[in-house]
There are 2 protein chains.
Amino acid sequence: MATKRIPETTVKRLFIYLREVTELSEFNIRTVSSSELGERTNLSDAQVRKDLGYFGQFGVSGSGYNVLELKKALERIVGKDKRWKVALVGVGHLGEALLSYSGFTEQGLDIVSAFDVSEDLVGASVKGVKVESFAKLREAVKENGIPMAIIAVPAGEAQKAADVLVDSGIKCILNFAPVNLDVPGKIKVNNVDLSRELEILAYFLASGNGGWR
Amino acid sequence: MATKRIPETTVKRLFIYLREVTELSEFNIRTVSSSELGERTNLSDAQVRKDLGYFGQFGVSGSGYNVLELKKALERIVGKDKRWKVALVGVGHLGEALLSYSGFTEQGLDIVSAFDVSEDLVGASVKGVKVESFAKLREAVKENGIPMAIIAVPAGEAQKAADVLVDSGIKCILNFAPVNLDVPGKIKVNNVDLSRELEILAYFLASGNGGWR
DNA sequence: TTCAGTTCGTTACTTTTTTCACAAAGTTCG
DNA sequence: CGAACTTTGTGAAAAAAGTAACGAACTGAA
């Protein structure tokens, strides 16, 4: 493997593989081949082998991958042996849904504090997390060394939220607001635009819908 | 332009451009150059021109693109001149957040009916949309010719939901459940895995976090 | 009108990502 | 053990995506 650059597309797929081997392990399935894994994930066998190949040799010729071993290896690779603190900015409907979502905790991600501008919300406790005033965001992130944040505020407020987060020393941001955040290059931003995902589907419907995949 | 295949990456960016020109038009800005548009979206000017080039010639040498014209052209291209009916399957926290989200309506996407297995929810009205029994999903989608659906049910129920949707003649699915849905190839699926988006950020933190972008 | 300065549209080039293909390694079964 | 399979890991080939470069078109000022 040496020190080769890992494509981001590969990184994304690692989580898909991990999800799959986790499920296989729950069914006590011992081994899985690259083609089986590919079928289950709609990817080619070659893609699976190449992706895993970036990180070492996990397979056995003739029989495939040991499910438990691969699971452990992937967990180590993606950093699932650690837990991460996350700050949530914006406790509207989406923010609340994110707080309620068990998926984060299961994956080692703990939303440790939530912030909102609404005085009605501040002080309330949503799913065991106390909502604090937006004014305290900067200090809280700084003091607790929280490395990542979720922005779930309206589009108009998102840049302001990002500015405060950047100032507080945040490292990465998951942004749900439909705007392009302007942040320093060293900060990694991941954008999720809920309506755009549906709009893309509408585009395919509109454009004669024929032949994808 | 002729009949050239449009890369999906380009399609995704069209929505980013559209968002930007919409904002520019609200500020009564008349023209925008590919480099300005690129700066605002963190893309290269060449990228902008190339993407738009797939669909025709919208620019004027020496001055750039007419904002209003480009906006209209993009709206037509992405099908925003139409409205789309959407079915929502699963009215948990996330489903509720999606129903409350104004972004969909603004973008021409109308969640016209919602379905859930919980008897407590059925009959209730969430944001003006009546929650119906999951048992009625098939018929409702069929009768109303609803072309797309959102799956916002727990992972364990997602495949079942997808099966019913496929059977009812759905064309596209936006899937929030962290599973790979097994559906016929003619059905377009878009997956959004909320926790994975955060996990990817955690991966970058874990992996020495140096040098992206 | 002319000229210097912009900016597009497009083709050629570069880089990245995916797929192919096959030797080497491991398995299974008689 | 040996023969017939299976399956990996990995370079080489192909495809896709992104960048660079440049002629042509347009603008605006002198």
Side-chain angles (χ1 to χ4, degrees), chain A residues 1-17 20-21 24 29-71 73-74 77 200 211-213, chain B residues 1-17 20-21 24 29-71 73-74 77 200 211-213:
Chain A
M1 52 184 247
T3 326
K4 192 138 190 309
R5 204 192 123 267
I6 316 289
E8 177 139 352
T9 47
T10 292
V11 174
K12 288 187 183 169
R13 285 190 295 264
L14 293 181
F15 294 96
I16 300 180
Y17 302 143
E20 221 55 47
V21 293
L24 289 171
I29 290 164
R30 306 292 179 83
T31 62
V32 65
S33 68
S34 58
S35 54
E36 285 173 311
L37 205 43
E39 254 171 66
R40 290 176 154 266
T41 54
N42 289 313
L43 297 163
S44 72
D45 55 343
Q47 182 83 82
V48 173
R49 292 199 299 278
K50 184 134 249 189
D51 283 338
L52 298 178
Y54 283 109
F55 303 93
Q57 306 187 171
F58 307 107
V60 178
S61 298
S63 78
Y65 299 89
N66 177 298
V67 170
L68 242 41
E69 255 178 51
L70 183 55
K71 176 165 174 280
L74 284 170
I77 292 167
I200 289 169
W212 42 67
R213 257 208 200 178
Chain B
M1 55 186 251
T3 326
K4 192 138 193 305
R5 203 193 125 268
I6 316 288
E8 177 138 357
T9 48
T10 291
V11 175
K12 287 188 184 171
R13 284 189 296 263
L14 292 181
F15 294 96
I16 300 180
Y17 302 142
E20 220 58 44
V21 291
L24 289 171
I29 291 165
R30 305 290 178 84
T31 62
V32 64
S33 68
S34 57
S35 53
E36 284 172 314
L37 205 43
E39 252 170 65
R40 291 176 153 265
T41 53
N42 288 315
L43 297 163
S44 72
D45 55 342
Q47 182 85 79
V48 173
R49 291 198 301 277
K50 184 148 226 200
D51 284 337
L52 298 178
Y54 283 109
F55 302 93
Q57 306 185 171
F58 309 106
V60 178
S61 298
S63 76
Y65 300 90
N66 178 299
V67 170
L68 242 40
E69 256 179 47
L70 183 54
K71 175 164 173 280
L74 284 170
I77 293 167
I200 290 168
W212 42 69
R213 254 204 206 184

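Labels below follow one simple rule: chain letters A, B, ... track the order of the sequence lines, proteins then strands, and each chain is numbered from 1.
- Atom-to-atom, CG of B/N42 to P of D/dT19 comes out at 12 Å; the value is rounded to the nearest Å.
- Take the nearest nucleotide of DNA chain C for B/Y65 and for A/G62: the residue whose nucleotide is more 5' is B/Y65.
- In this structure, B/D45 places its CG atom 10 Å from C1' of C/dC8, rounding to the nearest Å.
- Residues satisfying the side chain to side chain contact (heavy atoms under 4.5 Å, CB included) test with B/R40, not counting sequence neighbours, are B/E20, B/L24.
- Between the P atom of D/dA16 and the NZ atom of B/K12 lies a distance of 16 Å, rounded to the nearest Å.
- Residues passing the side chain to side chain donor-acceptor pair (under 3.5 Å) test with B/Q47, sequence neighbours excluded: none.
- Rounded to whole Å, the distance from CD on B/E36 to P on C/dT6 is 13 Å.
- Computed from coordinates, the A/N66 CG to D/dT7 P distance equals 15 Å when rounded to whole Å.
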Scan nucleotides 11-24 of chain C nucleotide by nucleotide, 5' to 3', and note B when protein non-hydrogen atoms come under 4.0 Å of the base, S if they reach only the sugar-phosphate, - if neither.
-B----SSBBB---
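- Between the CZ atom of A/F58 and the P atom of D/dT8 there is a distance of 13 Å, given to the nearest Å.
- Computed from coordinates, the A/F55 CZ to D/dT8 P distance equals 17 Å when rounded to whole Å.
- In this entry the distance linking CD of B/Q57 with P of C/dT7 reads 18 Å, nearest Å.
- Listed by chain and residue number, B/K188 satisfy the salt bridge (Lys or Arg N to Asp or Glu O under 4.0 Å) test with B/E8 (two or more places apart in sequence, or in another chain).
- Side-chain N/O atoms of A/S34 include none lying less than 4.0 angstrom from OP1 or OP2 on D/dT7.
- With sequence neighbours excluded, the residues that form a side chain to side chain contact (heavy atoms under 4.5 Å, CB included) with B/L68 are B/S25, B/N66.
- Atom CG of B/L43 and atom OH of B/Y17 lie 5.0 Å apart (nearest 0.5 Å).
- The salt bridge (charged side-chain N to carboxylate O under 4.0 Å, His left out) analysis of residues 51-65 of chain A, with sequence neighbours excluded, yields the pairs A/R13-A/D51.
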